[in-house]
Amino acid sequence: MDMRGHLDLLLLGALRQAGPTHGYALIVSLRERSQGAFDLPEGTVYPALQRLERDGLVSSEWDTSAARRRRVYQLTPEGTAALAVRRREWRTFAQGVQAIIGGHPTEGLA
Amino acid sequence: VTSETDLYLDELFDRLGGTGGAGRRALTEAEDHLRAAVAEGIASGLSQERAEHDAVARFGPAARIAGQLRRVHRRFWLTTLSSAWLLAGIGLIALSSSYLAAAVLRWSLPQPRLPLCGQAFPAVTGGYACTPTAMPNGSIVHETAFAGVAILFFAAIILLVRRWAIRSVLVPPAYRRFAGVAGTLFFLASLYLFVRPDAPFIIDQGVGAQVSTVDTLVFLLGSIVVGVWGVARGVRAHRTRPAQPSR
């Protein structure tokens with residue numbers, strides 16, 4: 001499944017669920033929660049996080065408490081608001097597609 | 001032996017040159033990510049080499065990651081300035097080569113007296129254009145050679161200052177497609193000189209041949225050199241692309 005067009009939404013959603021977290025943990029979370037559907041090169045997450053930070057949707061700071069210092073990301077209030085908007089847009093889009101293709105969303109996933 | 005992870009980080013470092021703090025941060029995050037992924041692979045039973053190979057392959061090509069980071073932090077005007085700066089330096093090297101080639105031709109095929117109207121850059125070459133009395137061939141050789149060396153020196157200063165500016169993170173490197181654009185411009189310049197031998201800025205070689213012959217060849221050679229340089233960069237980038245992860 002091509003996830004490229006939805007990476008921002010996935011990252012915002014994962015950050016909301018995970019809270020402040022570093023890049024590697026975020027990617028592991030995306031991979032596990034998507035049940036393997038997240039198949040983008042893992043390195044592409046970091047430019048996407050920097051883009052979200054540039055746009056004010058995410059903030060970050062260095063965590064030096066571990067053996068290696070890590071950049072920890074978290075949602076800003078603007079990011080939380082943007083997530084709500086994009087989630088609504090996604091649901092509207094998904095409902096539209098569902099209405100056309102028919103069947104139950106979990107059909108054939110056994 | 002340098003590990004695959006270290007080789008990858010070296011390549012990413014090279015590709016992030018000129019990105020400043022954003023590049024350093026990306027490199028730190030990439031290293032942390034790869035070390036964690038390798039440790040996880042080893043913990044799951046993979047060998048060190050296989051874990052490194054899989055971690056690097058899953059991370060994605062360094063060129064792609066660096067390209068995305070550059071797009072996020074792109075400074076359009078600075079990158080354009082850097083590209084134009086490099087083009088000016090290379091163009092001046094071509095110009096100085098043309099002057100030096102002209103001097104060598106005059107020296108190797110001496111002509112005691114030459115008509116002087118139509119000389120280019122009289123301010124640089126000592127103002128011997130359209131003088132009422134023809135200058136001795138030796139003087140023209142000296143002045144043309146001096147102009148060539150002076151322009152070459154000026155080009156070297158321009159390129160060295162640019163290099164310093166890039167290392168000091170004042171400007172980023174040129175656009176990735178710079179070689180293709182510069183090579184095309186040089187080729188078009190050589191075509192123009194070929195069809196317009198009377199162009200006002202052309203140096204009279206004074207050897208009885210079409211005055212633009214040397215300039216045409218210099219710019220044509222320049223387009224080939226720049227084109228080969230661009231292809232070599234592309235091949236190098238292709239060769240260093242990591243393999244796919246094992247399944």
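Chain letters run A, B, ... following the sequence lines, proteins first and then strands; every chain starts at 1. Quick caveat: nothing in here was measured; it's all calculated off a predicted structure.
B:Phe154 meets the side chain to side chain contact (heavy atoms under 4.5 Å, CB included) test with B:Leu92, B:Ile158; sequence neighbours excluded. The side chain to side chain contact (heavy atoms under 4.5 Å, CB included) check on A:Glu89 picks up A:Val85, A:Arg86, with sequence neighbours excluded.
Near-neighbour residues of residues 48-64 of chain A relative to chain B, defined by a heavy atom under 4.5 Å from a heavy atom of that chain, comprise A:Gln50, A:Arg51, A:Glu53, A:Arg54, A:Ser60, A:Trp62. Taking non-hydrogen atoms and a 4.5 Å limit, the residue list of residues 37-45 of chain B in contact with chain A, ordered by number, reads B:Ala37, B:Glu40.
Open room surrounds CZ on A:Arg16; 12 or fewer heavy atoms of other groups in view lie less than 6.0 Å from it.
Interface remark: B:Ala22 contributes backbone and side-chain atoms alike to the contact with chain A (heavy atom separation under 4.5 Å). Contact annotation for B:Ala30: neither backbone nor side-chain heavy atoms come within less than 4.5 Å of a heavy atom of chain A. Of the atoms belonging to A:Val45, not a single heavy atom falls under 4.5 Å from chain B.
Among the candidates B:Asp32, B:Leu69, B:Leu34, the residue making the largest number of heavy-atom pairs closer than 4.5 Å to chain A is B:Asp32.
Under the 4.0 Å criterion applied to side-chain N and carboxylate O atoms, A:Arg71 and B:Glu29 are not assigned as salt-bridge partners.
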For side chain to side chain contact (heavy atoms under 4.5 Å, CB included), just list the numbers for B:His33 and A:Ile27, CA-CA rounded to whole Å, side-chain angles, deciding distance to a tenth of an Å, and then say yes or no.
CA-CA 10 Å; B:His33 180 108; A:Ile27 291 164; 3.3 Å; yes
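Annotation: the span from B:Gln68 atom CD to A:Tyr46 atom OH amounts to 13.5 Å, rounded to 0.5 Å.
In terms of heavy-atom proximity, A:Thr44 sits nearest to B:Ile65 at N-CD1, 3.5 Å.
In this structure, the side chains of B:Arg64 and A:Pro41 come closer than 4.5 Å at one or more pairs of heavy atoms.
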